[in-house]
2 protein chains.
Amino acid sequence: MSTVKGARARARTEITAAIKDEARGQLAKEGAAKLSLRAVARELGMVSSALYRYFPSRDDLLTALIIDAYDSLGAAAESAHETVAGAEPLARWTAVCEAVRGWALAHPHEYALIYGSPVPGYTAPLTTVPAAARVGLLLIGIVRDAHEHGGLTEPPLPAELLGEAERMAADFAPGLPPEAVAALVAAWAQLYGLVGFELFGQFNRMVEDREPFFRHAVVRLAHGVGLRPVPPEEQA
Amino acid sequence: MSTVKGARARARTEITAAIKDEARGQLAKEGAAKLSLRAVARELGMVSSALYRYFPSRDDLLTALIIDAYDSLGAAAESAHETVAGAEPLARWTAVCEAVRGWALAHPHEYALIYGSPVPGYTAPLTTVPAAARVGLLLIGIVRDAHEHGGLTEPPLPAELLGEAERMAADFAPGLPPEAVAALVAAWAQLYGLVGFELFGQFNRMVEDREPFFRHAVVRLAHGVGLRPVPPEEQA
DNA sequence: GTCTATAACGAGATAGAC
DNA sequence: GTCTATCTCGTTATAGAC
């Protein structure tokens, strides 16, 4: 992130960006399974061996694209969240969810890359985890705020799930009641079900007016997590 | 579906099945994007042009695999539903949802084919629609039964969605209140979000005890649609 | 009629020598 | 970094076996 750098470093970041841009273009045309270093090089007027100075393998290029996609989605969600920073949790929840949907509709192939079918023969390394967690952390923060300010009604949880929910809370959502964590993880998966169905064409000839449909669904998702509209005077 | 057929017809169905089986194997190894008629033929000891007697094109083979997958999923869901045919709607709902998850875990590549990222350059023809609708029709039937026997509490619906919900009800769920139809379509998408997240690895290092987690989530999905446990004496 | 095999096309990927 | 020879692919035309 240094702003001052030599010409060599600048050229390197520029070429790296050009490679990733071209690779994203191939993602759209052929899909992640057919992403080929050679085709990227040809399109850039380079030779395939030159690409290996920037990405040691096709899988590393894929990993970089995945991290970029998660980061782009995370940044879109965070910026949408900031525009409603002072609002009540339910409004912040829907703002984040709508940002996720908006980003997905604007970047369908990158969405497919991170939330669609796995790429055969590729397994994502752990380096993708921090970028992948950004949206989740945002949602956790919203629910935590609601919890701390009395705007959270804990959803029911069967006894057989209590231990698992407590473990999840300790792992990545400390301070939240386990009931809310279990509900939040489920809501998170369900949010992506809604987005994926729209994006992958499952709503074709079924749901026409998708934006209000989605908005209503995510409000009900929030209710399932325990978020309720709270009058301002009740907030601390 | 004729049980009596000549040797010619029998050979034809056998070879058709062998082609599809081999193609499913390639689906698992290389993904749908790389499904190749030539590779299928090679593996079967045939020559590629001979396959055109059975499938007019590669896309038609893909379509056949997609329809088979939808039908296999639909049959699994229907058979699970039949084993609890007399039970209350909520129990039938969870039985169908668990059958969907079970089928998906047993057939991950076929699940990815029908509910994962679209195959680049391929668009499913309308012939896939009837098979694709089977699980949805099952869920509609369950909700309709609940509605007719007083076991359905209509979920809330904002005014802006009422027209859309009425259109959806008229299109594919006549007799159901529009509130329930809108909630059902959302729940359907959310169900596949839960299944897809587990299948595609998004729950790795997050949710360990997945079966009870899923069971609880689909019960809450059913509540969202308006299904509640009803005491037996209240059922007609 | 029904099927399989041969051969070929145009397009694209790939490996290796230079 | 360049070039070429050799692969793969989907698809079609054609000829012959059952």
Side-chain angles (χ1 to χ4, degrees), chain A residues 8 11-12 14-16 18-62 65 109 113 117 119-122, chain B residues 1-68 109 113 117-125 127-128:
Chain A
R8 183 171 334 148
R12 186 175 175 84
E14 268 170 29
I15 295 180
T16 304
I19 292 170
K20 292 198 285 194
D21 280 347
E22 177 56 36
R24 270 184 281 267
Q26 295 209 6
L27 228 53
K29 263 178 290 198
E30 303 282 358
K34 285 192 180 166
L35 177 66
S36 119
L37 279 186
R38 239 188 156 91
V40 170
R42 187 180 337 111
E43 218 64 31
L44 289 174
M46 307 172 74
V47 106
S48 65
S49 56
L51 280 200
Y52 286 85
R53 297 187 59 82
Y54 299 89
F55 296 96
S57 76
R58 186 203 85 127
D59 281 7
D60 287 283
L61 175 54
L62 249 187
L65 295 179
H109 303 101
L113 179 66
S117 332
V119 182
Y122 171 85
Chain B
M1 284 299 170
S2 64
T3 50
V4 178
K5 48 189 169 189
R8 188 167 28 233
R10 197 160 52 246
R12 187 177 174 84
T13 49
E14 266 171 31
I15 294 179
T16 304
I19 293 170
K20 292 198 286 192
D21 279 348
E22 177 56 38
R24 269 184 282 266
Q26 293 207 8
L27 227 54
K29 261 177 290 200
E30 302 280 358
K34 286 193 180 166
L35 209 211
S36 134
L37 275 190
R38 281 191 118 110
V40 170
R42 196 180 323 117
E43 218 63 31
L44 289 174
M46 306 172 75
V47 91
S48 70
S49 58
L51 285 201
Y52 285 81
R53 279 289 141 176
Y54 301 88
F55 297 96
S57 76
R58 190 203 86 124
D59 282 6
D60 287 282
L61 174 55
L62 248 187
T63 300
L65 295 178
I66 289 172
I67 292 177
D68 277 8
H109 303 100
L113 178 66
S117 332
V119 183
Y122 171 85
T123 45
T127 41
T128 60

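This one's a predicted model, so the numbers in the text were calculated from it and none came from an experiment. Below, chains carry the letters A, B, ... as their sequence lines are ordered, and counting in each starts from 1.
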Of D:dT11, C:dA5, D:dT2, the nucleotide closest to the side chain of B:Tyr52 is D:dT11
Look at all strands and tell whether B:Phe55 reaches a base, only sugar-phosphate, or nothing, counting heavy atoms closer than 4.0 Å. nothing
Tell me the interatomic distance from B:Arg53, atom CZ, to D:dT11, atom P, rounded to whole angstroms. 16 Å
In whole angstroms, how far is the P atom of D:dA17 from the CZ atom of B:Arg8? 19 Å
Nucleotide C:dG12, atom P - distance to CD of A:Gln26 in whole Å: 13 Å
Would you mind telling me which residue lines up with the more 5' stretch of DNA chain C, B:Ile15 or A:Ser36, judged by nearest nucleotide? B:Ile15
Indicate, with a heavy-atom threshold strictly under 4.0 Å, whether B:Ala11 touches base, sugar-phosphate, or nothing. nothing
Rounding to an integer number of Å, can you tell me how far B:Arg42 CZ sits from D:dT8 C1'? 8 Å
Between the side chains of B:Asp60 and B:Thr63, is a donor N or O closer than 3.5 angstrom to an acceptor N or O? no
Over how many whole Å does the gap from A:Lys34 atom NZ to C:dT14 atom C1' extend? 15 Å
Positive for side-chain contact (heavy atoms from CB on, under 4.5 Å) with B:Leu113, one of B:Asp68, B:Leu35, B:Leu27: B:Leu27
Of the options D:dT2, C:dC3, C:dT4, whose atoms approach the side-chain atoms of A:Val47 most closely? D:dT2
Rounded to whole angstroms, how far apart are CG on B:Leu37 and P on D:dT11? 6 Å
Distance-only donor-acceptor test, B:Ser57 side-chain atoms vs D:dT11 base atoms, 3.5 Å: no
OP1 or OP2 of C:dA7 sitting under 4.0 Å from any side-chain N/O of B:Ser49? no
Work out which heavy atom in B:Ser57 is nearest to a heavy atom in B:Leu37; give both atom names and the distance. C-CD1, 4.2 Å
Using a 4.0 Å heavy-atom cut-off, does B:Leu61 contact any base of the nucleic acid, only the sugar-phosphate backbone, or nothing at all? nothing
Value in whole Å for how far the P atom of D:dC9 lies from CD of A:Glu30: 15 Å
Where A:Lys34 and B:Ala33 come nearest, the two heavy atoms and their spacing: CE-O, 3.4 Å
CZ of B:Arg38 versus P of C:dA13: gap in Å, rounded? 16 Å
Below 4.0 Å: OP1/OP2 of C:dC3 and any side-chain N or O of B:Arg12: yes
Answer yes or no: does atom CZ of A:Arg12 have more than 12 heavy-atom neighbours from other residues, nucleotides or ligands under 6.0 Å? yes
